Amino acid sequence: EVQLVESGGGLVQPGGSLRLSCAASGFTLSTEHMAWVRQAPGKGLEWVSAIATGVDRTYYQDSVKGRFTISRDNVKNTLYLQMNTLKTEDTAVYYCASLVSWWHLSQPAQRNGARYWGPGTQVTVSS
């Protein structure tokens with residue numbers, strides 16, 4: 001059974017940091033393009049960051065460039081998102097997902113853009 005489980009969310013003050021983890025089971029994470037997707041209250045899904053399989057390629061949404069870093073531990077079969085200098089507008093539920101294709105990052109994020117989704121972890125940035 002394929003499963004993705006996120007962890008590491010929580011409440012943090014503006015300017016703080018969090019590290020999200022996504023543990024995969026039932027498939028080998030390194031063989032998939034993997035992404036972090038978020039949904040803020042009252043808004044739609046948006047691609048945050050992605051890491052490609054087989055090539056050294058990453059994607060970051062403009063608003064998180066220089067603050068967030070995506071990485072993958074192939075031994076632990078786990079995806080990470082290091083989030084620094086957090087802002088109130090980063091408040092959202094964060095999901096990890098395996099992309100159907102890299103092309104989907106050029107399109108608005110939708111559920112059918114990824115094969116597998118985790119249940120999400122809440123990140124709240126507030127003073």
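Worth saying up front: this structure is predicted, and the values here are computed from it rather than measured.
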State whether the side chain of Asn77 and the backbone N or O of Ala24 hold a donor-acceptor pair below 3.5 Å, judged by distance alone. yes
Minimum heavy-atom distance Ala114-Ala97, with the two atoms named: CB-CB, 3.6 Å
Steps toward side-chain contact (heavy atoms from CB on, under 4.5 Å) verdict (Val100, Asn112): CA-CA 8 Å; Val100 172; Asn112 61 10; over 6 Å; no
Check for me, please, whether Val2 and Met34 land in the same ILVMFWY cluster - side-chain distances under 4.5 Å, paths through other members count. yes
Between Val5 and Tyr94, is there a shared hydrophobic cluster once you connect ILVMFWY residues whose side-chain heavy atoms come closer than 4.5 Å? no
Nearest 0.5 Å, what's the OG-CD distance between Ser71 and Gln82? 8.0 Å
Check for me, please, whether Val37 and Leu81 land in the same ILVMFWY cluster - side-chain distances under 4.5 Å, paths through other members count. no
Would you kindly say whether Glu46 and Gln61 are connected by a side-chain donor-acceptor distance under 3.5 Å? yes
Val64 vs Arg38, test: side-chain contact (heavy atoms from CB on, under 4.5 Å). Steps then yes/no. CA-CA 12 Å; Val64 307; Arg38 68 186 180 187; 4.1 Å; yes
Test applied, ring pair (Phe, Tyr, Trp, His ring centres under 6.0 Å); reference residue, His33; option that passes from Trp103, Trp102, Trp47: Trp102
Does Tyr116 have its ring centroid less than 6.0 Å away from the ring centroid of Phe27? yes
Give a yes or no on whether the backbone of Ser98 and the side-chain of Trp117 come within a donor-acceptor separation of less than 3.5 Å. no
Considering only heavy atoms from C-beta outward, does the side chain of Tyr95 approach that of Leu4 to under 4.5 Å? no
Go through it in stages, so that I can follow the logic: the residues are Leu20 and Val123, the test is side-chain contact (heavy atoms from CB on, under 4.5 Å), and I'd like the CA-CA distance, side-chain angles, deciding distance and then a yes or no. CA-CA 9 Å; Leu20 304 184; Val123 171; 4.0 Å; yes
Side chain of Thr88, backbone of Ser126: donor and acceptor closer than 3.5 Å? no
Looking only at atom types and distance, does a side-chain atom of Arg57 sit under 3.5 Å from a main-chain N or O of Thr53, one as donor and one as acceptor? no
Would you check if there is a donor-acceptor pair between the side chains of Ser17 and Asn84 at a distance under 3.5 Å? yes
Minimum heavy-atom separation for Glu6 to Cys96, with atom names? OE2-N, 2.9 Å
Is it true that Lys87 and Asp90 make a salt bridge, defined as a side-chain N closer than 4.0 Å to a carboxylate O? no
Heavy-atom nearest pair, Gln122 first then Thr91, reads NE2-CG2, 4.1 Å
Does any non-hydrogen side-chain atom of Val125 lie less than 4.5 Å from one of Gln13? no
First locate atom CG of Leu29, then atom CG of Asp73, and finally report the distance between them rounded to the nearest 0.5 Å. 9.5 Å
Main chain of Ser25, side chain of Gln3: is a donor-acceptor contact present, judged purely on distance under 3.5 Å? no
Stacked cation flag Arg72 on Tyr80, 6.0 angstrom / 45 deg: no
Got Val48 and Tyr59 here, is their nearest side-chain heavy-atom distance under 4.5 Å? no
Following the transitive rule for hydrophobic clusters with a side-chain heavy-atom cut-off under 4.5 Å over Ile, Leu, Val, Met, Phe, Trp and Tyr, establish whether Trp36 and Leu45 coincide in one cluster. no
Spacing of Arg19 atom CZ and Ser21 atom OG [to the nearest 0.5 Å]: 5.0 Å
Nearest heavy atoms of Pro14 and Ser127, plus distance in Å: CD-N, 3.7 Å
Once rounded to the nearest 0.5 Å, what's the spacing between atom OG of Ser49 and atom NZ of Lys65? 10.5 Å
Taking the side chain as every heavy atom from C-beta outward, state whether Leu99 and Leu105 have any pair of such atoms under 4.5 Å apart. yes
Establish whether Leu18 and Val93 are linked, either directly or via other cluster members, by ILVMFWY side-chain heavy-atom contacts under 4.5 Å. no
Using side-chain contact (heavy atoms from CB on, under 4.5 Å), reason through Glu32 and Leu79 one step at a time and then give a plain yes or no. CA-CA 11 Å; Glu32 299 276 334; Leu79 182 74; over 6 Å; no
